[in-house]
Amino acid sequence: MGNICDLVKQVLETGYLTVEAEDRLRRLLKRHYSQEEFDAFIQLQRAAMLGQVKQQSREVSLC
């Protein structure tokens with residue numbers, strides 16, 4: 001399943017958080033995680049708030 005740090009690194013590199021990655025992140029956050037993983041999650045939240053990461057789930061569907 002990987003860890004939160006790997007997921008955050010991937011999202012920050014691409015600048016895009018897919019629905020699948022969000023689901024995976026939710027599953028990872030339900031288990032015990034390290035301080036380093038928590039810090040990475042906070043970094044991802046900040047990037048999203050600053051517009052550095054786009055969230056697929058927040059995009060408007062025109063279909």
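Heavy-atom basis, side chains included; hydrogens, waters and symmetry copies ignored. None of these values were measured; they are calculated from a predicted model.
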Item checked: Heavy-atom closest pair, residues Ala47 and Leu12 -> CB-CD2, 3.6 Å
Margin query: We want to know whether Asp39 and Gln35 form a side-chain donor-acceptor pair, criterion being a heavy-atom distance below 3.5 angstrom.
Written below: yes
Check: Any Lys/Arg nitrogen of Glu20 or Arg24 sitting under 4.0 Å from an Asp/Glu carboxylate oxygen of the other?
Finding: no
Next item on the list: Find the distance between NZ (Lys54) and OG1 (Thr18) and round it off to the nearest 0.5 Å.
Entry: 15.0 Å
Note to self: Tell me the closest heavy-atom pair linking Gln56 and Val19, and the distance in Å.
What the structure shows: OE1-N, 2.8 Å
Notebook entry, point to check: Are Asp23 and Arg26 within salt-bridge range, i.e. N to O under 4.0 Å?
Noted result: yes
Item checked: Under 3.5 Å donor-acceptor, Glu37 side chain and Ser34 backbone -> yes
Next item on the list: Determine the minimum heavy-atom distance between Arg31 and Ile4, stating which atoms define it.
Entry: NH2-N, 4.2 Å
Item checked: side-chain contact (heavy atoms from CB on, under 4.5 Å) between Leu25 and Phe41, intermediate numbers included -> CA-CA 9 Å; Leu25 184 57; Phe41 175 65; 3.8 Å; yes
Check: Which distance, rounded to the nearest 0.5 Å, do you find between the CD of Gln10 and the SG of Cys5?
Finding: 13.0 Å
Next item on the list: Return yes when atom CD of Gln55 has more than 12 non-hydrogen atoms of other residues, nucleotides or ligands closer than 6.0 Å, and no otherwise.
Entry: yes
Margin query: Check this for me: does any side-chain nitrogen of one of Arg27 and Glu22 sit under 4.0 Å from a carboxylate oxygen of the other?
Written below: no
Checklist line | Glu59 versus Tyr16, side-chain donor and acceptor atoms under 3.5 Å | finding: yes
Next item on the list: Begin with the C-alpha distance, continue with both residues' side-chain angles, and end with the deciding distance and a verdict on side-chain contact (heavy atoms from CB on, under 4.5 Å) for Asn3 and Leu28.
Entry: CA-CA 7 Å; Asn3 67 36; Leu28 289 168; 5.5 Å; no
